[in-house]
Student: 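Let me begin by handing over the structure; questions about it come next.
Keep in mind that this is a model prediction, so the values were computed, not measured. A, B, ... follow the sequence lines: proteins, then strands. Residue 1 opens every chain.
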Protein chains: 2
Amino acid sequence: MSKKQLIMEKALELFADQGFEATSVQQITDHCGISKGAFYLSFKSKDELILALIDYFTTQFTSNIDYLVKSTTIDSELLYKFYYTVFESFNKHSDFAKVLIKEQMRSFNKEFIVKMRSYDKMMEDTILSMVERLYDEEVGQTKHDLVFCIKGFMKMYSELFIFYNTPLDLELLAHSLTEKTNLLAKYVTIPFVSNELVQQFKQQSCNEVTNEQILGVIEQTLDDIEDSIEKESLLLLKQELLEPTLSRPLVKGLLENIQPHPHCKWAAYLLRGYFGF
Amino acid sequence: MSKKQLIMEKALELFADQGFEATSVQQITDHCGISKGAFYLSFKSKDELILALIDYFTTQFTSNIDYLVKSTTIDSELLYKFYYTVFESFNKHSDFAKVLIKEQMRSFNKEFIVKMRSYDKMMEDTILSMVERLYDEEVGQTKHDLVFCIKGFMKMYSELFIFYNTPLDLELLAHSLTEKTNLLAKYVTIPFVSNELVQQFKQQSCNEVTNEQILGVIEQTLDDIEDSIEKESLLLLKQELLEPTLSRPLVKGLLENIQPHPHCKWAAYLLRGYFGF
DNA sequence: TTGACAAATGACCCGTTAGTCATTAGTATA
DNA sequence: TATACTAATGACTAACGGGTCATTTGTCAA
């Protein structure tokens, strides 16, 4: 195991227990059996560590779910599988789930907040695509409410995994939530989260990322990934960011190229926002 | 306005914006236009301040809801009024709601965590009583699931008030959630949160409070309240804690006496747990 | 064995902050 | 005015934690 992995693993335990700010670098290094200096050979700062943790787990989590939704061909199984996988992940990585909940609204770092929001948005997009696929005609105006309810179920029931160590019947849970979701999809008539409201939220949250910030993220990502179609696509997108020359379909295609790559999700998200997709 | 109130008000603004740990006492006193020393004349520590804030708002909030549920005589209006009042409170005290969400899982202070849990429990009890009253026959085994769903709705939709400043249509929201809740009550058949599971949770969370801790809270509460039936009842309960002499019905009656008093809610909760009610 | 390079160490620096306390300002009473 | 008392001040302390860097330890090829 690399030093970096060791630190991430041990730090996660401490963060889950005490929270990020209450855990000192000294504690982490003691817990790893290394020196303080060694820590700074692996991470530039304490902030970089938690960002790495968030990145590592959330990309894994969101990609998992996204893949599941896209690869499940039988509609009738989709919702059940979705819930099952969600809670299985929470169960498996309960330390990370704890950190996520504890620090979700922390305002210590601008980059952190924007990142959390974006992962939330990605999850929401995945859920929305699922809802549209399963209930397209039935739900009509209430589809965003259904997304909200699903997120509410996830929030509420995931607390069980985090605060109690009792082993829980995942299959029953997934069945139970599937039934509830189907019922809401079938019978709900009063929409609250309308399309206009969603539009409004989007505008409010997207107007603060600057060109330079996106460039910074792209540079970072380019360093992280190997030569590949994705890397070339990202390079072209960087060009496009500096001086637009390509047509919109071409840009969209490039975005599609980088989207599946785990390391590119963050850059892809920012670029989608920037180019308006 | 007393110095204490001034500090609480101004501190709340800063906490909502920056979080508790990120806000220094110096900042608070600057924002109040007083000196650092003056702060420590009103509060023994920074921790005491946030505990006071939590106490002040959550007792207000939970008593409000509790009163509403008990005083609404027309069943058909109850659920709507419940949701309306909940979100109206969130809307009105959005600064506090922000703090609550930001610090909800903070582990900086043991007392803080236990307190938060207890308020959550009180809320849950109120919701459960409402569910039992409205749907007693229909829901059967699924009543705890319904409580979970209601809490999930509250969690999810309250984020709207906290992160977006858009004015929202409270009436529509309450109607929309009422419909959803009624649907779930009527049609859901698969229970997940069973009675045994609830029992298990209760055991897990109640086995850590010591006799001395409860005594400490009682002493504190006695100092805070005026001479009254409540005070006398609490004194008797303190006696009973030291050496049991009274019958269970008498103890239960004393608990009922102190329950409605805002300052006694915390002591009442601990004593209920201790005496097994 | 030596020398060169990388890996790791931990004492130290520096900024920050909760909390204290000697001192001062303000006020009411004799 | 003098005295006594309370309210308020802010410089100060002690502790802590993030981050640095001169120094040591380990490794491997010549």
Student: To the nearest 0.5 Å, tell me how far Leu100(A) CG sits from Ile54(A) CD1.
Tutor: 5.5 Å
Student: Quick one: sort the Tyr157(A) and Phe153(A) rings into parallel, tilted or perpendicular, breaks at 30° and 60°.
Tutor: perpendicular
Student: Can you find a heavy atom in the side chain of Phe148(B) that is under 4.5 Å from one in the side chain of Ile127(B)?
Tutor: no
Student: Only pairs under 3.5 Å count here: list side-chain donor-acceptor contacts from residues 24-36 of chain A, not counting sequence neighbours, and write none if there are none.
Tutor:
from: Ser24(A); atom 1: OG; to: Gln27(A); atom 2: N; distance (Å): 3.2
from: Gln26(A); atom 1: NE2; to: Asp30(A); atom 2: OD1; distance (Å): 3.3
from: Gln27(A); atom 1: OE1; to: Ser24(A); atom 2: N; distance (Å): 3.1
from: Gln27(A); atom 1: NE2; to: Gln18(A); atom 2: OE1; distance (Å): 3.3
from: Thr29(A); atom 1: OG1; to: Val25(A); atom 2: O; distance (Å): 3.2
from: Thr29(A); atom 1: OG1; to: Gln26(A); atom 2: O; distance (Å): 2.8
from: Ser35(A); atom 1: OG; to: Ala38(A); atom 2: N; distance (Å): 3.3

Student: A quick test of your reading: do over 12 heavy atoms of other residues, nucleotides or ligands sit less than 6.0 Å from CD of Glu48(A)?
Tutor: yes
Student: Would you give a per-nucleotide map of nucleotides 17-25 of chain C, 5' to 3', where B means the base has a protein non-hydrogen atom under 4.0 Å away, S means only the sugar-phosphate does, and - means neither?
Tutor: -BBB-----
Student: Rounded to whole angstrom units, what separation is found between the CD1 atom of Ile7(B) and the C1' atom of dT9(D)?
Tutor: 14 Å
Student: Grab the N/O contacts between the protein and nucleotides 24-27 of chain D below 3.5 Å, and write none if there aren't any.
Tutor:
none

Student: Once you round it to whole Å, what is the distance between P of dG10(D) and CD1 of Ile34(B)?
Tutor: 11 Å
Student: How close or far is atom P of dT9(C) from atom NZ of Lys3(A), stated in whole angstroms?
Tutor: 7 Å
Student: Before accepting this row, confirm whether a basic side-chain N of the pair Glu159(B)/Lys155(A) lies closer than 4.0 Å to the acidic partner's carboxylate O.
Tutor: yes
Student: Can you tell me the distance, in whole Å, between the CZ atom of Phe43(A) and the P atom of dA7(C)?
Tutor: 16 Å
Student: Do you know which of Tyr56(A), Phe61(A), Phe57(A) makes ring pair (Phe, Tyr, Trp, His ring centres under 6.0 Å) with Phe96(A)?
Tutor: Phe57(A)
Student: Atom OH of residue position Tyr40(B) - does it have more than 12 heavy atoms of other residues, nucleotides or ligands inside 6.0 Å?
Tutor: yes
